[in-house]
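Here the structure comes first, spelled out in structure tokens, and everything after it is commentary.
Note that the coordinates shown come from a computational prediction; the quantities given were computed from them, not determined experimentally. Every chain is numbered from 1, with letters handed out A, B, ... down the list of sequences.
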Amino acid sequence: MPELPEVEVTRRSFADRIVGARVVSLRLGAPLRWPLGCAPESLVGQFAGLAVRRGKYLWLPLSDAAASKDPAGGLLMHLGMSGSLAFTQGDTQTPAGRHDHFDLQTTQGLLRLTDPRRFGAVVWSPAIDTAPASTLLARLGAEPFDAALTPTHFHAALRARRTAVKTALLAGNIVVGAGNIYACEALFEAAIDPRTRCERLSRPRSERLLAALRATLARAIEAGGSTLRDFRDAHGAAGAFQSEARVYGRAGQPCTRCAGSVRRIVQGQRSTFFCPGCQKR
DNA sequence: CGGGACGCCTGTGAGC
DNA sequence: TGCTCACAGGCGTCCC
């Protein structure tokens, strides 16, 4: 479910409210993708720092003292396909439901991961740049809004791949952040056929794709993400971007840009939506 | 090493 | 109503 915009919207909706909070207790539900990797009690008494995002991962740093910069580790969190984080302040906490698999009770509120499919994860790591966090983050490509990711760099990275451009966007090892919705939407915006081989993308077209990807992700963040089924930010608010989708989930419907109709194909066992009329190879 | 398929899980909607 | 099947926003691992 959550792609970069949903993860970033989630981060923004709780980061400033949990910072400085002391951990009171932890509750683990059913197993997630990986074990927590530490004794839950060992985190009690630690203080939350400012949550940051890398790709679709969130890193919540912890320290032994409220104002300390000395790291005592942190939690690397991923929302998988169906996960969401809620942060609720106050004393009236709802009891854990069937799909609530991680609760971090703090002095400023409860951070709760709800994840029906349990592809998500919460993993303790001594630091973001040591294992296990560093191992998980090592394969990630550039941040899409990083100025160091220039059109030249992007084009060179694409040219080195022998796969369809949609597949390369999803792989996340050139640039992170696009999942199935935003990869389809960015390619529509750039008017590029998702089946186009990476190595055949011209420099102007790859530049157009990078700009489209950035614009699509930025607009989605502004819209609060996409809520197709159950995405909510940490306040419980749904996103609105799904109604702005031009191709995703619109198979058989008319293209909003030309006379064609949106088509669904399968690439790498994932649905791809595009308009054959105006997206060119 | 890069690329593609697999599998992890549960829920939902369509079709019969 | 109830069953079966396809499909779902991700990604690490395994096998060529």
Could you list the donor-acceptor pairs under 3.5 angstrom formed by side chains in residues 23-37 of chain A, with sequence neighbours left out?
{"from": "Arg27(A)", "atom 1": "NE", "to": "Asp103(A)", "atom 2": "OD2", "distance (Å)": "3.0"}
{"from": "Arg27(A)", "atom 1": "NH2", "to": "Asp100(A)", "atom 2": "O", "distance (Å)": "2.7"}

SB check [X] [Y] (cutoff 4.0 Å):
X         : Y         : value
Arg54(A)  : Glu143(A) : yes
Arg219(A) : Glu222(A) : no
Glu3(A)   : Lys56(A)  : no
Arg159(A) : Glu199(A) : no

- Near-strand residues of residues 240-257 of chain A, defined as heavy-atom separation under 4.0 angstrom from DNA chain B: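 Hits under 4.0 Å, by residue number: none.
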- Please list, by residue number, the residues of residues 116-132 of chain A whose heavy atoms come closer than 4.0 Å to an atom of DNA chain B; answer none if no residue qualifies.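 Result for residues 116-132 of chain A: Pro116(A), Arg117(A), Arg118(A), Phe119(A), sorted by number.
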Given atom [atom1] of [X] and atom [atom2] of [N], what is their separation to the nearest angstrom?
X         : N       : atom1 : atom2 : value
Leu170(A) : dC11(C) : CG    : P     : 9 Å
Leu32(A)  : dG10(C) : CG    : C1'   : 14 Å
Gln269(A) : dC11(C) : CD    : C1'   : 12 Å
Phe273(A) : dG9(C)  : CZ    : C1'   : 11 Å
Asp100(A) : dT10(B) : CG    : C1'   : 14 Å
Leu169(A) : dG3(B)  : CG    : P     : 13 Å
Asn180(A) : dA8(C)  : CG    : P     : 7 Å
Leu228(A) : dG9(C)  : CG    : P     : 8 Å

- Kindly state each residue pair satisfying ring-ring contact (aromatic ring centres under 6.0 Å, His included) with at least one member in residues 169-198 of chain A, sequence neighbours excluded.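 Counting only pairs at least two positions apart or across chains, the ring-ring contact (aromatic ring centres under 6.0 Å, His included) contacts touching residues 169-198 of chain A are Tyr182(A)-Phe241(A).
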[X]-[Y] side chain donor-acceptor pair, cut-off 3.5 Å:
X         : Y         : result
Asp129(A) : Ser134(A) : no
Thr256(A) : Arg246(A) : yes
Thr94(A)  : Arg112(A) : yes
Thr152(A) : Arg203(A) : yes

- Message: Regarding Arg162(A), tell me which of base, sugar-phosphate or nothing describes its non-hydrogen contacts under 4.0 Å with the strands shown.
- Response: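 Sugar-phosphate contact only - Arg162(A) comes under 4.0 Å of backbone atoms but never of a base.
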- Message: Any side-chain N or O of His99(A) below 4.0 angstrom from OP1/OP2 of dC9(B)?
- Response: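 No, outside the criterion.
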- Message: Just N and O in the side chain of Ser82(A): are any of them under 4.0 Å from OP1 or OP2 of dG9(C)?
- Response: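 Answer no for this pair, as no side-chain N or O of Ser82(A) is under 4.0 Å from OP1 or OP2.
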Can you give me the N/O atom pairs linking the protein to nucleotides 12-14 of chain C at distances under 3.5 Å, or say none if there are none?
{"from": "dG12(C)", "atom 1": "OP1", "to": "Tyr57(A)", "atom 2": "OH", "distance (Å)": "2.5"}
{"from": "dG12(C)", "atom 1": "O4'", "to": "Arg33(A)", "atom 2": "NH2", "distance (Å)": "2.8"}
{"from": "dT13(C)", "atom 1": "OP2", "to": "Arg139(A)", "atom 2": "NH2", "distance (Å)": "3.0"}

- Query: What about Val176(A) and Leu213(A), same hydrophobic cluster or not, with Ile/Leu/Val/Met/Phe/Trp/Tyr joined at side-chain heavy-atom distances under 4.5 Å?
  - Reply: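 No.
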- Message: Tell me whether Phe87(A) shares a hydrophobic cluster with Leu85(A), the cluster being built from Ile, Leu, Val, Met, Phe, Trp, Tyr side chains joined at under 4.5 Å.
- Response: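 Yes, because Phe87(A) and Leu85(A) connect within a single hydrophobic cluster, where side-chain heavy atoms sit under 4.5 Å apart.
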- How is the base pairing of DNA chain B summarised as a dot-bracket string, given the Watson-Crick and G-U wobble criteria with both distances under 3.5 Å, [ ] for crossing and | for another strand? .|||||||.|||||||
- Task: Look at atom CZ of Arg197(A) and say whether more than 12 heavy atoms of other residues, nucleotides or ligands are closer to it than 6.0 Å.
- Result: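 It does: Arg197(A) CZ has more than 12 such atoms within range.
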- Message: I want to confirm an ordering. Mapping Arg270(A) and Arg264(A) to their closest nucleotides on DNA chain C, which one lands closer to the 5' end?
- Response: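 By nearest-heavy-atom nucleotide position, the 5'-most residue is Arg264(A).
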- Task: Go through the steps for Gln89(A) and Arg17(A) under the test side-chain hydrogen bond (donor to acceptor under 3.5 Å, both in side chains), then give the verdict.
- Result: CA-CA 9 Å; Gln89(A) 291 160 295; Arg17(A) 294 188 291 148; 2.9 Å; yes
